[in-house]
Each structure stands twice: as structure tokens, then as C-alpha cells.
Number of protein chains: 2
Amino acid sequence: MIEMGADDSSNENFAGQVVNQLKLDILNGYFTPGEKLKMARLKERYHVGVSPLREALSQLLVEQLVVVENQRGFRVHPISKAELADIYHTRAHIESLCVKLAVEQGDDAWEAGIVASAHQLKKAAVLLNATLSDAADSDSARDNMQKWEALHHGFHSAITSGCQSPTLLDVRRSLYEKASRYRNLWLKQHMVNNQVFDANQKDHDELMDALLSRNSDLACQLVYEHLLGPFKLLQNSDFDYA
Amino acid sequence: MIEMGADDSSNENFAGQVVNQLKLDILNGYFTPGEKLKMARLKERYHVGVSPLREALSQLLVEQLVVVENQRGFRVHPISKAELADIYHTRAHIESLCVKLAVEQGDDAWEAGIVASAHQLKKAAVLLNATLSDAADSDSARDNMQKWEALHHGFHSAITSGCQSPTLLDVRRSLYEKASRYRNLWLKQHMVNNQVFDANQKDHDELMDALLSRNSDLACQLVYEHLLGPFKLLQNSDFDYA
DNA sequence: TTAATAAAAAATGTCGACATTATGGGTGCG
DNA sequence: CGCACCCATAATGTCGACATTTTTTATTAA
């Protein structure tokens with residue numbers, strides 16, 4: 001029997017596959033905020049008919065990544081400073097809640113998962129810092145950056161998974177996706193420097209200490225502010241609010 | 001210019017209308033948990049083709065009211081004791097968070113909305129209690145019950161609206177809907193007595209006092225336990241876990 | 001030139017049809 | 001008697017076509 005992740009496309013219909021691809025295209029900014037999503041264009045890009053496309057768009061509608069107007073088709077959900085602030089603050093609250101519950105309920109396996117993720121993350125951070133200093137190779141910089149982000153997300157997921165609540169974790173996932181769109185749009189215009197990652201590493205160390213010593217209040221507060229850090233950067237730089 | 005609510009169906013395509021109707025049918029238990037949703041049946045019931053149906057089902061899929069398996073169609077999302085507990089606990093946490101933020105940010109209009117809703121609710125509760133004592137008219141009992149529930153929901157919505165976070169309120173709405181499915185399924189098997197509403201009224205009075213005096217911690221705790229009250233009833237009675 | 005109007009083009013939303021896949025019943029074999 | 005296999009039936013998922021609506025372009029009048 002072959003193991004397969006949840007995002008396996010072989011046992012999914014076209015709509016499910018398009019959801020994943022289209023979601024990436026929106027989160028990564030290939031389709032820009034407010035942009036009209038014409039069926040002809042989407043048919044070309046994903047090589048499917050209108051039926052799976054509309055099903056996929058219907059799903060992203062609920063996740064608030066697209067908007068719809070009757071007889072006028074779909075558009076990418078617009079962005080705004082107000083929504084940016086709302087998403088990040090809500091996300092910080094939710095993540096903090098996850099942490100609180102995780103500290104209460106987490107077992108040894110939970111702790112092990114955290115230190116394992118932290119270890120991987122630290123390794124990737126070292127590699128990334130080296131790559132960033134070396135201004136030459138911007139291709140592998142982007143590559144290492146993506147790996148770091150995946151591990152960073154994995155680290156926080158390892159922590160929050162301890163809350164043992166699929167419902168709450170699903171809320172968290174949805175908010176993470178919406179926030180990552182804003183972050184990616186920001187990244188398109190700004191280049192990151194090493195300082196960001198050093199501060200991040202410090203945050204993570206402090207957070208892990210608080211978690212392993214089961215200091216719930218401190219951990220919640222650290223996470224809350226850790227998530228609001230990026231927000232402050234995004235908030236000040238006004239990128240294209242279409 | 002005519003005012004119209006958000007759930008106006010005239011400016012919605014078929015899919016949007018089917019979403020509302022189908023959602024009601026699932027929440028009210030017309031379609032039972034785990035039941036197969038055959039296209040032929042749905043076409044008959046809602047008088048639309050498969051395209052709008054699949055779009056509607058795709059939306060309910062994200063809201064986790066239906067599940068899908070490739071080439072095997074859609075089913076109503078199954079229920080379980082585990083999910084029941086998870087939804088209600090998460091909902092209690094979220095609602096509590098809404099209250100905390102609302103107490104911090106609520107203005108005079110917010111307070112006014114609360115007392116207004118509370119007044120309406122109390123009136124409806126009196127009427128409902130009278131109807132419930134009168135065992136004869138079970139039709140108007142159900143009718144008054146629905147009105148009371150709408151006002152009850154309105155009361156709590158008036159409170160939580162003060163948090164000023166569309167994102168968080170949307171999470172709340174989604175959880176409310178999922179929870180109401182379990183509650184409705186329970187109501188199909190059990191008859192309510194006056195005691196429940198008396199206790200409820202007491203909860204609401206205490207809660208409103210805490211809110212108006214801006215006692216955040218107390219209000220949060222009261223709401224948390226107020227929402228977990230129904231859960232305890234549902235948890236013990238094992239209705240059809242399909 | 002600008003504004004209003006009309007015609008043309010494009011795009012959306014829906015349905016019926018078709019290929020593919022699952023389901024259920026019957027048959028034969030062990 | 002039970003089990004596997006096969007076939008008929010039914011249901012799903014996808015596409016192309018069509019009617020309706022919106023958007024763009026062209027035309028005319030002020």
C-alpha cells in the first residue's frame with residue numbers, strides 16, 4: 001500500500017486539482033488582487049472545461065480568495081489595509097488560543113515534534129543566512145527561502161497540533177493561507193535581510209523554552225507578538241491596494 | 001433604492017440559492033448525516049441542473065457540511081461524538097474571544113444593541129414559556145421556538161458584533177451553523193421543557209450585567225459556559241450517530 | 001468634441017449529452 | 001453454502017452548445 005498525502009491529486013476530480021493550483025496562483029500573486037478571472041484564460045491555463053473551474057472557484061469563494069458577482073463572473077478577492085489588519089490580528093488570537101490549548105494538552109510526542117521541527121528549522125536558517133549574504137545566487141536564495149518557509153510553517157504547526165482540535169486547526173489553516181497572500185505580495189516588492197531571520201530565531205528559542213516549561217501565558221503572548229511582527233512591516237509599506 | 005439583506009436570492013445565481021436551501025435541509029436534518037446526495041434527487045428537489053448543484057455542493061464541502069469521494073458523489077457530512085465535542089468547545093473558545101474583544105472595543109451603540117436584543121428576547125421567552133405550558137398547541141410551540149431561537153442568536157450576535165472583526169465573526173458564523181445541526185438533530189428526538197429557558201434567561205441577565213460593567217473576564221467565562229450548556233445535554237443523549 | 005444611442009462582440013450561467021466508473025444481481029464454481 | 005466473477009444498471013464527472021446578459025465598439029445628434 002502506498003502512502004499518499006492529503007493533497008494527492010490522483011484520487012481527486014479536476015475541480016479538486018484546480019483548487020490547489022488556482023489557490024497557489026492567487027496566494028503567490030500570479031493572479032493579482034481584484035483581477036478578473038475570465039473562463040477562457042482559466043481554461044487555457046488549467047486545461048479543463050468550465051464545469052470543474054466553476055466548482056473550484058465556488059470553493060475558493062467560501063475561503064474568501066475570490067469574489068463573485070452574478071453574470072459578471074469571478075474576481076480575485078481584493079486586498080485592503082483593513083483586511084490585512086483584521087486577518088493578522090485574528091490569526092494571532094487564534095494561534096495564541098491553539099498554543100494555550102496545546103500547552104494544556106500536549107504530551108511527550110508533542111514536545112518531541114516541536115524540538116524536531118525546531119532543529120530542522122535552525123539548520124535551514126543557517127543555510128539561508130549564508131545564501132542571503134552571498135548576493136550572487138538569487139535563484140538558490142529563493143529556493144532556500146521557500147524551504148525555510150515550509151519548515152517555519154511546520155514548526156508552528158507542530159506546536160499548534162497539540163491543541164487536538166481539527167476544527168480549530170482548520171480555522172488556523174484558512175487564516176494562514178489568507179495571510180500568506182499578503183506576505184507573498186509584500187515579498188514581491190521587498191527583499192529580506194538577515195536581520196529578520198535572526199530576530200525570528202530568537203523568538204523561536206524563547207517560545208520553545210516557554211512551551212517546554214509549560215508557561216502558557218508567556219507562550220501565548222510570545223506567539224501573539226511573533227505573528228504580529230510581519231504585520232507591522234506589511235502595514236507600513238503600502239503596496240498595490242488594487 | 002430598495003434595501004435588501006445579504007441573503008437576497010434575486011441577485012444570486014442558481015448555485016447561490018441552492019446553497020441556502022441545501023444548507024437548511026442539512027442543518028434541519030431533512031438530509032440525514034452520512035446520507036448519499038444523489039444528483040437525481042437533488043435535481044428534483046431544487047429544480048436545477050447538475051452544474052449549479054455541484055457548485056453548491058462544492059461550497060458546502062468547504063464549510064464541511066458535505067463530504068465528497070471521487071466518482072462516488074457527495075454525502076452529508078457524518079456526525080460523531082468527537083466532532084460534536086470539538087465543534088462546541090471551539091465555538092465556546094471563539095465566542096469567548098469575540099466577547100473579550102467586544103468588551104474592549106464596544107461603544108455606546110454596541111451597548112444599545114445588546115439591551116435592545118435582550119429586551120426582544122425576554123418578550124419572546126415569556127411568550128414561549130406560556131406556549132410550552134399549554135401542551136395543546138404544538139404547532140405554535142414550534143413556531144414560537146423558532147422565533148425565540150432567532151432572537152437568541154440575535155442577542156449573542158449583537159454582543160459579538162462589538163469585536164469589529166469580520167474575519168473572526170465569519171469563523172463564528174461557520175461554527176454556529178455546524179453546531180446548530182447537532183442541536184437540531186437533538187431537538188428532533190427530545191422535547192424541551194421550561195426549565196431550560198429559565199436557566200437560559202438567568203445566564204443572559206448575568207452576562208449582560210458583566211458586559212455593561214465591562215467585566216471582561218467574567219463575561220468571557222459566562223459565555224464559555226453558556227455555550228457548553230447545550231453541549232452537555234447533547235453529549236449524554238446518544239442520537240443516531242450514522 | 002462630447003454625450004447618448006445602437007449594434008456588435010464577448011462572457012457568463014445553465015442544460016443536456018456522453019464517456020467513465022461504481023453498484024447490485026445473478027450465475028457458476030469450488 | 002459461500003465466494004468470486006461477470007454483466008446490466010445506475011450514477012458520476014466532464015465537455016460542448018445555447019440563451020441571456022454584460023461589455024465594447026461604432027454611429028449619430030447636439
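Because the structure is a prediction, the values reported are computed rather than measured. The chains referred to below are lettered A, B, ... by the order of the sequence lines, with proteins before strands, and numbering in each begins at 1.
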Grab the [atom1]-[atom2] distance between [X] and [N] for me, whole Å please.
X	N	atom1	atom2	answer
Gln71(A)	dA10(C)	CD	C1'	13 Å
Met39(B)	dT23(C)	CE	C1'	17 Å
Leu57(B)	dT12(D)	CG	P	10 Å
Arg54(B)	dC15(C)	CZ	C1'	15 Å
Arg75(B)	dT12(D)	CZ	P	11 Å
Asn13(A)	dT20(C)	CG	P	17 Å
Phe14(A)	dT21(C)	CZ	P	11 Å
Lys38(A)	dT24(D)	NZ	C1'	11 Å

Sugar-phosphate only, base, or nothing, as touched by Glu69(A) at under 4.0 Å among non-hydrogen atoms: sugar-phosphate
Touch class at under 4.0 angstrom, heavy-atom based, for Lys36(A) against every strand present: sugar-phosphate
Parallel, tilted or perpendicular: rings of Trp148(A) and His152(A) (30°, 60°): parallel
Aromatic plane relationship, Trp186(A) with His190(A) - under 30° parallel, 30 to 60° tilted, over 60° perpendicular: parallel
Closest-nucleotide 5' rank along DNA chain D - winner of Ala40(B) and Ser51(A): Ala40(B)
Comparing Phe74(B) and Lys43(A) on DNA chain D - which has the more 5′ nearest nucleotide: Phe74(B)
Distance test, side-chain N/O of Arg72(B) to OP1/OP2 of dA11(D), below 4.0 Å: no
Given dG13(D), dT14(C), dG13(C), the nucleotide with the shortest approach to the side chain of Asn70(B): dG13(D)
Candidate list Glu35(A), Lys38(A), Arg54(A), test side chain to side chain contact (heavy atoms under 4.5 Å, CB included), partner Phe74(A), passing option: Arg54(A)
Partner of Arg181(B) under side chain to side chain contact (heavy atoms under 4.5 Å, CB included), chosen from Asn28(B), Val76(B), Ile87(B): Val76(B)
Under 3.5 Å donor-acceptor, Ser174(B) side chain and Val171(B) backbone: no
